[in-house]
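Here is how names work: the chains are called A, B, and so on, in the same order as the sequence lines, proteins then strands, and each is numbered from 1.
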Amino acid sequence: MSSLALLVMVSAITFFMILLVPGDPAMTAAGPEATEQQIEETRQRLGLHDNVVVQFGRWILRAISGDLGSSLQGGTSVSQLISERFPVTLGLALTALSLAVIVAVPAAIIAAANRGKTVDRLITLVASAGVAIPTFWLGLMLVVGFSLYTRVLPSSGYSPFWEDPAEWLRYIIMPAVTLAAAPAAEIARQLRGSMIGVLEQDYVRTATAKGLLPRVVLLKHALKNAGVPAMTVIGLQATFLLGGSLIVEQIFGIPGLGALSINAVLQRDIPVIQGAVLVAGIAVLIVNLLVDLSYRTFNPKVR
Amino acid sequence: MVATRRALEQGDIPQASGSTARTKPWTRFRSRFLKQKAGVVAAAFLLLVVIVAAIGPLVAPLDPNEQNLGAILKYPSAEHLLGTDDLGRDVFSRLLFGTRVSLLAAVQATAIGVALGLPLGLIAGYLGGRTDRVIMFVNDAVMSMPGLLLAIAIVGMLGPGLTNAMVAIGIIFAPHILRIVRGSVLEVKEETYIEASRSIGTPLSRIIFQHVLPNVRSPLIVGVSLMAGRAMLNEASLSFLGMGAQYPEASWGAMLGRAFPYVDRAPFLIVFPGITIAVVVLAFNVAGDALRDSLGRETRTNS
Amino acid sequence: MTEAKKGNSILLAPAVDILLAPAVESDKAPEPVVSVRDLSVEFATERGWQRVINNVSLDVSPGKILGVVGESGSGKSVTSLAMMRLLPKQGSRIAGGSIHIDGSDMQALNERELSAMRGNRMAMIFQEPMTSLNPAFTIGDQIAETVRKHKGVPKKEAWKRAVQSLDDVGIPNAAGRARRYPHEFSGGMRQRAMIAMAISCQPRVLIADEPTTALDVTIQAQILKLLRSMCEDHGLAMMFITHNMGVVADICDDVAVMYAGEIIEQANIYDTFAAPKHPYTEGLLRAVPRLEGRSELASIPGKTPAPWDMPPGCRFQPRCPYAIDACNTGQLPLRQIGDRTSRCLRAEDLDLKASI
Amino acid sequence: MSQQPVLEVTGLEVNFAGKKKAFGRAAPIRAVKGVSFSIQPGETLGLVGESGSGKSTVARAVMQLIEPAAGEVLLKGREITALRGKELRVTRRDIQMVFQDPYSSLDPSMLIADSVGEALEVHDGLRGHERDARVAELLELVGLSSHHLERYPYEFSGGQRQRIAIARALALNPAVVVCDEAVSALDVSTQNQIIGLLEGLREKLNVAYLFISHDLAVVRHISDRVAVMYFGHLVEVGEVSQIFERPAHPYTRALLSAIPIADPLRQRSRKTAMLTGEIPDIVNPPSGCPFASRCEFASGMCREQMPEFREHNGSSVACHHPLQT
Amino acid sequence: AAAPASNVATDPTAVLRYIYPNAPGTMDPHVVNTAFANVPLFLVFDRLVHVDTAGKAIPGLAESWEYSSDGLKLTLHLRKNVKFQDGDPFNAAAVKANIEHGQTVPASFVKGDLSSIASVTVVDANTVELNLSAPDVGLVLKLSDRAGAMISPKSMASANLNVHPVGAGMYEMNGDYQVGVKFAVKKFDGYWDPSAQKLAGVQMSFMADTTAILNSIKSGGADAGVVREPEIDGAKAAGLQVVEGYDLGFGNILMNPELVPALKDERVRMAVNLAIDRKEIVDGVLFGYGKVTNQPFPEGYFAHSGSAANYAYDPEKAKTLLAEAGFKDGFAMTIDNVPGPGTRINEAMAAQLAKVGIRVTVRQTEAAAASAQYGAKKADALSVRWTGRPDPTSTLSLIFMPGGSNNPSNMASENAIALFNKQKAEADPAKREALLQELSKELVDHPPASNIVLFQSVTATAGTKKVVGLEGYVTGKLEFRGVGMTK
Ligand SMILES: Nc1ncnc2c1ncn2[C@@H]1O[C@H](COP(=O)(O)OP(=O)(O)OP(=O)(O)O)[C@@H](O)[C@H]1O
Ligand SMILES: Nc1ncnc2c1ncn2[C@@H]1O[C@H](COP(=O)(O)OP(=O)(O)OP(=O)(O)O)[C@@H](O)[C@H]1O
Ligand SMILES: [Mg+2]
Ligand SMILES: [Mg+2]
Ligand code: NI
């Protein structure tokens with residue numbers, strides 16, 4: 001219930017905000033070459049003369065019945081646009097997130113286990129650097145290195161997973177790496193911190209006293225308890241990634257939700273913006289739900 | 001290792017009762033900070049950056065805004081230490097000038113993020129209940145909106161320009177600060193010393209300022225240092241979309257953004273600002289970590 | 001206490017019985033399973049390496065309980081952790097001495113051998129039952145894990161044994177409770193679970209560091225009874241650290257008293273309570289509040305010296321009412337006095353009493 | 001008994017929100033049920049009982065740190081449960097608390113002078129030297145010296161911290177001090193020093209204590225009267241000698257007999273009736289006497305009907321079958 | 001630059017992978033709102049009239065046409081035996097259906113282009129008459145644009161016309177258009193001019209960033225695509241062929257003198273023109289890819305005036321003119337631009353204008369806001385690229401004439417207005433040409449209040465050496481006629 005309210009809230013904020021921003025949906029819908037008259041006709045056709053509240057009400061009523069309307073740019077239905085774009089973003093986000101987790105979790109564990117030693121310092125430094133590097137800079141460097149000089153990977157474009165998974169991977173890997181850098185660094189930092197906290201706990205000493213090997217103590221007893229704060233960060237990163245990353249999608253020419261929504265914003269394509277925000281909102285809710293569920297496995301105390 | 005720590009603290013009694021030695025907070029902070037070599041290096045570097053920001057215009061070898069369309073994209077030379085940009089301007093001088101803009105941008109965004117997030121986070125966390133739910137509802141709504149969309153909308157409403165862009169970034173950051181603060185307030189709130197202070201009859205405002213605030217300091221510092229770095233990176237992204245620094249101002253992000261099309265012809269245009277941003281952001285993070293560790297709770301565990 | 005008064009004569013008999021027991025056994029005394037010799041431990045502090053445990057020696061024989069008492073910070077926990085080789089890897093070191101447990105030289109073992117030892121042949125119960133159990137796993141899991149690790153039995157069997165040992169420590173409905181998480185247990189039950197975990201592999205040696213401090217007296221009594229019977233029935237050798245002299249009086253066979261990182265006195269429990277041979281022990285025993293009436297509460301004046309600030313000679317001497325000049329010169333070793341030991345220079349000529 | 005009690009608690013009930021079920025509302029946890037007692041000026045009431053029986057909850061409810069579900073708390077004859085905001089804060093002058101854990105009850109990032117002086121600033125508006133002078137006085141009172149003013153809590157031992165906490169509680173000359181296991185964390189010798197201190201202050205300032213502890217020897221030493229709690233209920237209240245020498249409630253007796261005596265001869269020769277049986281679950285409390293499951297005298301009536309409080313041999317007891325001595 | 005396709009053996013099985021920066025929102029040619037859509041759309045749709053690379057009307061689906069003497073009727077003679085991709089015949093009825101569709105479909109974008117057509121008469125299967133409400137000489141060229149794109153009438157009613165269009169063009173859809181992303185077409189076997197079809201198909205994808213396009217071609221991810229000035233040198237350096245098409249588009253500054261009163265004075269406008277060093281902009285900012293001009297129509301185009309002067313860069317004279325006009329100390333104005341390549345032009349210009357005392361604030365405003373602000377008379381000036389129109393009338397009326405959407409101040413010289421109206425009614429192409437040239441000269445001699453032309457722009461296509469038949473069109477819209485790939 002509250003999640004539904006959240007979605008309505010997010011939609012409403014977006015809707016009114018877009019209308020507050022200078023720029024005329026009718027004008028962009030009519031196109032750059034349109035005449036005054038065409039613009040006016042477009043405005044009529046789209047009902048943009050109506051009160052904003054009426055407009056929003058109309059949108060929300062239709063949205064509830066499952067109709068997200070159609071793009072002001074050419075009339076493609078929003079649900080179709082989103083169903084084409086979201087899988088792309090989803091694939092990219094999941095790949096990036098998995099990469100981040102695969103790199104960050106072992107790194108954090110190694111760092112925490114060797115707290116204060118050189119390995120730890122090194123990992124911490126790399127993690128800080130990961131947060132520090134501008135995303136698009138990294139992306140560009142990868143393109144230069146892997147596409148322009150060595151030509152091992154395509155610099156841009158996209159091929160759907162179900163058509164050819166290998167091809168998909170070739171297209172997705174560089175963007176995924178680019179996107180993964182910052183989340184990996186952040187997850188590593190967070191997990192290292194909570195691991196160190198957990199390793200100071202009495203029950204870790206108990207586990208050692210039980211005769212478990214250091215590896216088991218670390219990977220079973222400590223990791224599971226350090227999982228909650230780490231999951232929070234992972235969830236947060238997931239929601240970022242699922243919203244679609246404009247810059248990375250642009251650099252690599254990936255037709256994802258980010259590119260769709262940024263274009264929609266630039267063109268004041270309100271139905272598409274609303275649709276994209278709704279999807280992003282739902283993604284956030286689902287991720288939060290998953291994170292909550294994971295809390296339950298990590299920490300039985302949560303209900 | 002609660003028990004051991006306590007025992008350890010008791011071992012310090014004689015030191016405490018030595019009547020002359022006064023422990024000044026600043027002295028202890030300094031001694032702890034100086035122990036963290038990486039932090040010291042980072043702080044020294046940041047100090048240097050601040051100095052450059054202050055006196056940069058005086059030491060810049062050339063006028064950073066002087067265009068020379070006859071000599072664009074020139075590789076580094078004796079005349080132009082770091083080459084020239086796409087309008088023939090001296091990259092080194094622009095980098096020096098950009099320091100102030102970029103730093104200011106980071107400070108503005110962070111300040112706004114903290115100004116919004118900190119009080120609301122304190123209130124939400126400490127009061128809990130309905131207030132908390134309302135604040136968190138709005139917070140989650142803002143958080144689940146794609147950041148860039150928000151930024152565009154806010155900049156659209158305020159008009160283009162670096163300050164406005166930073167206001168936008170600040171607003172986008174605020175929910176994150178809010179969450180960090182609220183999280184640690186929830187933790188601190190349960191501490192007995194807060195209850196003890198309440199039992200004395202301390203007013204709410206005083207409890208928040210005197211007890212809660214100093215104890216959420218550590219996570220806040222980390223959050224802020226991360227954010228200051230993030231702000232620089234986001235400024236770069238927004239400049240990339242034309243919403244950041246405006247002509248003739250130079251910001252590192254803007255320099256980086258506009259160097260995009262010349263990757264293969266003038267890679268140095270990307271390399272220098274990219275590295276500058278990365279190093280400064282890294283310095284923020286490292287110094288922030290060191291600061292946290294030096295300001296941390298006054299316990300013995302980390303000495 | 002009326003009961004005690006009237007039954008004095010009758011009840012003395014079993015006490016004498018117990019009193020005599022060690023004397024009889026001492027002829028063919030079983031080899032101690034725990035043998036610590038001249039153990040010293042140092043910690044890295046702001047003032048460099050500081051010795052917090054100095055030349056501690058102790059033995060525990062099978063079926064016996066050695067009580068360890070002393071001021072807080074005197075090194076009881078550190079000693080026990082050192083014996084388990086559980087001291088923090090960074091910032092601490094064993095500076096000397098040897099630890100032999102159940103025939104193994106603990107300092108010669110590598111990580112793998114240590115883990116085969118811990119939980120199996122020697123186990124430990126920690127003071128804080130609230131924080132010493134992993135909140136993320138069920139109680140049964142945590143116990144079964146130990147069993148599986150050391151006994152190499154299949155999962156099901158390990159679980160059965162875990163339930164069995166929960167049952168042993170008197171947890172009602174053990175099978176059901178095993179599936180619960182620590183936070184669903186009360187403090188007393190958690191502590192019992194800790195004990196169940198420690199005994200699940202039938203160790204030869206058990207170290208208990210203030211296992212009942214967090215519990216109320218009724219539950220404490222149950223747990224003490226349980227531990228006592230473990231020693232008697234299974235020949236377990238136990239080291240029992242506590243602040244509570246009543247608890248010591250209840251279950252220990254011998255007592256070692258620690259002060260400022262040293263054992264200052266060690267003796268049979270009856271001897272200690274009847275006639276302490278160190279002024280600190282005397283002070284400690286006198287400070288125990290009596291249940292009868294409102295007597296004045298005694299305390300030892302002064303403070304424990306810090307490791308870097310140890311007085312020469314006897315470490316208790318600055319606080320000692322019986323100190324003489326000779327006390328602050330030279331090393332004072334633990335001396336054998338009959339079948340007990342003491343560090344006090346004046347052990348023989350002082351007539352110390354546990355109560356005024 | 002002629003005087004007006006300085007603290008009077010009647011019918012105190014405290015509920016906590018229970019665990020939420022997947023569907024439906026959470027049943028409240030009734031942590032304290034119908035607790036009533038009173039304390040005269042300068043008197044010490046010892047509160048003992050099972051761990052988890054609700055002693056701390058009573059203390060916090062009396063302190064108005066949590067809101068009681070029912071019942072009245074009269075401080076110097078004034079009902080305070082309904083007070084809010086400033087009014088409540090002003091009343092707090094008269095009732096102060098010393099917490100169990102000396103390590104967490106002092107703000108680690110605050111100087112001792114500020115921690116102790118906070119009450120003075122808040123209530124009397126004292127600042128600067130004036131405040132410091134008063135804080136120094138308080139520190140002297142609890143046996144610390146004024147050079148400790150500008151130090152942080154971590155520089156003190158547990159005993160010293162507890163003294164600081166006591167100094168803080170005494171800053172406003174309260175009429176009642178609630179001590180929730182104020183000495184449990186300390187070793188015997190230090191514990192004795194603190195108790196001595198509390199007794200001295202009672203003499204000097206005529207404060208009343210609500211003294212919570214599970215160390216019965218200490219309770220016996222310091223209390224004038226003792227209240228025994230079990231499972232959220234008060235089961236017995238009486239003069240200290242009465243309780244310790246002629247316990248009327250089977251639980252009180254079990255408690256007393258479980259105290260180990262620091263004398264091996266006597267301890268080992270003692271016949272102690274070990275309690276058996278399960279402690280009831282707080283989420284599903286039994287309908288009758290909560291102690292029935294562990295009580296050797298329990299009858300059918302005990303299991304069905306909650307016993308009323310009644311006078312018995314000079315103390316009040318809630319038991320269907322009070323012990324005769 | 002391109003090798004003529006006919007001389008080279010092409011691979012009939014080749015599929016061209018082409019990347020284009022501007023994705024159409026729909027594939028319905030009558031609804032899509034930008035001329036950029038022509039490139040992808042005209043793969044599928046054939047038009048009544050074609051244009052050659054110079055922008056001249058040449059036969060398309062109409063083999064010939066003629067105006068009636070009063071200019072009120074345009075008769076089209078249609079090509080015979082032409083089929084739509086769904087097998088239906090293309091004939092006069094189809095033309096009538098299309099024109100009516102274009103005029104009436106909701107959100108029609110071609111309505112304006114077709115507004116002069118009052119009715120359509122089907123004379124016979126291959127002849128239609130367009131009855132005009134007023135003379136419209138530009139109509140023929142308009143029919144070479146989307147207004148003349150012929151949709152299979154059967155598919156007009158279909159709901160997925162926007163993603164699965166059916167036309168009579170060289171290639172037919174192979175699957176649906178994934179809006180904003182890509183689509184594929186395959187050779188249409190029934191096309192009337194097989195010589196134009198050198199490919200087995202085209203895969204067209206869309207990427208907004210031309211740097212990414214170039215990278216893609218360079219790394220082998222595509223065969224050809226559109227690049228912009230900054231990328232051209234890079235493309236050449238990478239060994240790609242680059243076809244530079246000088247088109248009807250131009251870089252210009254739109255101005256609203258109502259907000260900057262100084263600009264109401266013609267001397268000031270002349271001063272601004274003289275203070276801008278166009279050559280420096282072309283050479284420096286555009287890397288030499290552009291032509292210095294101050295006329296809206298390029299050299300070689302029929303509306304270009306050969307006799308009008310090219311402004312020389314003359315800051316001194318600009319200062320003098322400013323002083324004469326009473327602006328000795330210059331004046332201030334804000335010029336907006338849409339973030340992207342145009343930023344540099346604006347910045348370079350600002351620096352140049354600063355030298356004569358004109359203080360320019362450069363402001364980047366995203367497209368929607370920029371045009372809305374300018375349209376709402378809230379922006380002083382806008383630095384943009386005009387994309388060009390097939391017929392001069394559209395360009396002139398939209399930018400230079402009163403009532404034009406890009407001329408918010410509605411200012412224009414009387415002479416210019418008179419010339420414009422005269423050419424609109426002139427049916428004789430030669431006379432009309434003369435009038436247009438005179439108008440062009442008028443716009444140079446008396447700088448208009450609405451606009452400053454800076455340079456003629458280039459539309460460049462980069463491709464691997466395997467791609468043949470790429471040609472630059474003056475419309476700026478590549479047609480794939482004759483484009484093929486070698487083996
Ligand atoms: N990790 C450590 N680093 C430095 N010193 C330590 C550490 N752990 C313990 N110590 C020191 O070792 C000494 C002995 O501590 P220990 O915990 O053994 O005391 P204890 O006798 O168990 O006290 P308690 O009764 O309070 O548990 C103390 O003085 C303490 O300061
Ligand atoms: N915040 C809370 N939320 C839910 N239940 C609580 C909370 N605080 C206490 N309880 C429950 O209330 C009951 C009484 O707890 P309380 O802390 O008052 O006991 P106590 O008598 O002080 O125990 P101890 O001797 O261990 O300090 C316990 O069952 C406890 O689990
Ligand atoms: Mg200890
Ligand atoms: Mg309590
Ligand atoms: Ni008695």
Side-chain angles (χ1 to χ4, degrees), chain C residues 1-4 7-8 10-15 18 70-73 170 172-173 186-188 213-222 224-225 243-252 269-270 272-274 283-285 287-300 303 354-355, chain D residues 19 48-53 157-160 184-196 199 214-223 240-241 244-245 251 254-279 281-282 294 325:
Chain C
M1 291 275 150
T2 35
E3 264 177 301
N8 236 359
I10 316 159
L11 286 169
L12 208 68
I18 301 167
E71 194 141 45
S72 13
N173 181 19
S186 72
T213 306
L215 306 176
D216 70 53
V217 283
T218 57
I219 293 166
Q220 170 174 291
Q222 292 173 21
L224 294 181
K225 187 171 169 224
H243 278 302
N244 191 327
M245 297 313 278
V247 171
V248 173
D250 194 24
I251 68 162
C252 295
I269 180 169
Y270 298 98
T272 310
F273 277 84
L284 192 64
L285 289 171
V288 175
R290 310 282 139 172
L291 259 180
E292 300 86 355
R294 266 193 187 181
S295 52
E296 198 51 46
L297 293 177
S299 61
I300 307 170
K303 292 175 187 113
S355 52
Chain D
K19 280 199 275 184
V48 299
E50 188 99 32
S51 48
S53 58
S157 71
Q160 287 176 311
S184 313
L186 309 172
D187 70 62
V188 204
S189 169
T190 319
Q191 173 183 313
N192 291 350
Q193 290 173 6
I194 299 283
I195 290 170
E199 283 177 323
H214 53 217
D215 188 330
L216 291 150
V218 168
V219 168
R220 161 140 226 195
H221 181 88
I222 197 167
S223 306
V240 62
S241 52
F244 276 81
E245 276 147 35
Y251 176 65
L255 207 56
L256 293 174
S257 69
I259 305 169
I261 305 164
D263 178 344
L265 288 174
R266 280 169 53 205
Q267 171 65 16
R268 292 180 191 206
S269 59
R270 226 149 54 113
K271 267 206 330 257
T272 44
M274 201 73 71
L275 283 178
T276 50
E278 277 211 70
I279 304 168
D281 180 4
I282 189 140
R294 298 169 79 193
T325 341

Handout entry: Residue C/V288 versus chain D: region with a heavy atom under 4.5 Å
Key = both
Handout entry: C/T218 vs D/R294 side-chain heavy atoms within contact, under 4.5 Å
Key = yes
Practice task
Would you please name every residue forming a side-chain contact (heavy atoms from CB on, under 4.5 Å) with D/S189, sequence neighbours left out?
Solution key: C/S299, C/I300, D/D187, D/Q193
Problem - Qualifying residues under side-chain hydrogen bond (donor to acceptor under 3.5 Å, both in side chains), relative to C/E71, sequence neighbours excluded - result: C/T304, C/R319
Exercise for the section: Quick one: which of D/L216, D/L255, D/V218 has the most heavy-atom pairs under 4.5 Å with chain C, could you say? Expected result: D/L255
Problem - D/R268 (side chain) donor-acceptor with C/A249 (main chain) under 3.5 angstrom - result: yes
Fill in the blank from the handout: Closest non-hydrogen atoms of D/P264 and C/Y270, given as atom of the first, atom of the second and distance, are CB-CE2, 3.7 Å
Problem - Atom pair CG/CD1 of D/D263 and C/I269 - distance to nearest 0.5 Å - result: 9.0 Å
Practice task
With the side chain counted from C-beta on, respond yes when D/V188 and C/P289 share a heavy-atom pair under 4.5 Å apart, and no when they do not.
Solution key: yes
Handout entry: D/I259 portion near chain C, given a 4.5 angstrom heavy-atom threshold
Key = both
Exercise for the section: Using atom types as modelled and distance alone, determine if a side-chain donor or acceptor of D/N192 lies under 3.5 Å from a backbone N or O of C/A287. Expected result: yes
Problem - Leading residue by heavy atom contact count with chain D [cutoff under 4.5 Å; candidates C/L285, C/I251, C/N173] - result: C/I251
